[in-house]
Amino acid sequence: MKYRKLGKTNLELSEIGYGAWGIGGNQWLGNNDDESLKALRHSFDLGLNFIDTALAYGDGHSERLVGKAVRDSGKEIYIATKIPPKDQVWPASPKTPIDKVFPYKYIIRCTDESLRNLNREQIDLQQFHVWTDAWTQTEEWKRAIEDLKKSGKIRFMGISVSEHGPDTALEALRTNLIDAVQVIYNIFDQSPETNLFPLCQKLNIGVLARVPLDEGGLTGTITPDTQFERSEFRAHYFRGDRKQQVVEHVEALRKDLAGIPGTLPEIALRFCLSHPAVTTVIPGMRRVKTVDSSCRVSDEGRLPSDVLAILKRHAWDRNFYE
Ligand SMILES: NC(=O)c1ccc[n+]([C@@H]2O[C@H](COP(=O)([O-])OP(=O)(O)OC[C@H]3O[C@@H](n4cnc5c(N)ncnc54)[C@H](OP(=O)(O)O)[C@@H]3O)[C@@H](O)[C@H]2O)c1
């Protein structure tokens, strides 16, 4: 496992981080806590030292599992979590005032709740789970971050930007209060390369590349017959003819990648790590097997430029979250 420095912070994060949404359980089904704890432990054994969770993932269940696994390991593992929007609206609307979404007291209260779930004194990276630059010029959120840092409850602050909206927090990044940004970045959505990544490089802000496997689309295992429970997030994401659309895009990708070593998920993760702005890529990994194949990718290094040129052609402009 290789490590990269998170922006201006002193944290050296493993190139492969652990996406802990799936282990929260309510929006992703088909896993159990024993399996999740085993997967987490195995990832630490392979050198992974960074986990991305959120208060909203299973109403704190993901945070509690993460806290337990980290405590039991006795290892130094960095944890990022997130403050959910108070109005429970994803993505943020520029028309909604920030006091309905992130009022000062709520920011502090959610951080305290996450600390209890994680059973920790300090959160390494706290993040706003939604953002719009319509809020950037207001003052209370800035005071909340300063107070959280001063009190030692958090070390660093980040923003998780809207789905397929990498440019919705650029102004906030310029305030000097934000240490990291989390964004969808994968072979299908390469849009952060245009404005967000150059700004992060200029300001030395860390980047967490999320949803690197397109919620499973880039694992190559989705077929028109793949079934999800109705209550699962992915039943919505891959609804209607979307599975067929994914199959067609993946087939075209595979055809262009014929002869290039590595499986599709490995190439998809290496794609993320090939951009110099990216600090860590955080695939969701609920099973030991997926931990194994994802963590291996770090040793393989960046993709050669001819492969990156092929992947550039496979950007796909669509929004399955809607
Ligand atoms: N708004 C936000 O802030 C936000 C939104 C979405 C996601 N996130 C963060 O980003 C993380 C990653 O996104 P995600 O979990 O939604 O989707 P993802 O990483 O794109 O895809 C997860 C899926 O890929 C599979 N997988 C992982 N590694 C694999 C490998 N090496 N080979 C084959 N399959 C592999 C997983 O399998 P198994 O689960 O079966 O192991 C799971 O089904 C989340 O866990 C969360 O931490 C944040």
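This chain uses plain numbering: 1 for the first residue, then up along the sequence. Every number for a ligand or one of its atoms is a count from 1 in the order of the listing. The structure presented is a predicted model; accordingly, all values stated were derived computationally and were not measured.
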Student: Would you call Asp292-Lys289 a salt bridge at under 4.0 Å N-O?
Tutor: no
Student: With a 4.0 Å heavy-atom cut-off, what residues sit around ligand 1?
Tutor: Gly19, Ala20, Trp21, Trp28, Asp52, Tyr57, Lys82, His129, Ser160, Glu163, Gln182, Arg210, Val211, Pro212, Leu213, Asp214, Glu215, Gly216, Thr219, Arg234, Pro265, Ile282, Pro283, Gly284, Met285, Arg286, Arg287, Thr290, Ser293, Ser294
Student: Give a yes or no on whether a salt bridge exists between Glu266 and Arg296, defined as a side-chain N under 4.0 angstrom from a carboxylate O.
Tutor: yes
Student: If I take atom CH2 from residue Trp131 and atom NE2 from residue His129, how far apart are they, to the nearest 0.5 angstrom?
Tutor: 14.5 Å
Student: Using a strict 4.0 Å threshold on nitrogen-to-oxygen distance, state whether Glu163 and Arg210 make a salt bridge.
Tutor: yes
Student: Taking 4.0 angstrom as the limit, do Asp214 and Arg318 come out as a salt bridge?
Tutor: yes
Student: Under a 3.5 Å threshold, yes or no: a donor from one side chain and an acceptor from the other, between Thr53 and Thr81?
Tutor: no
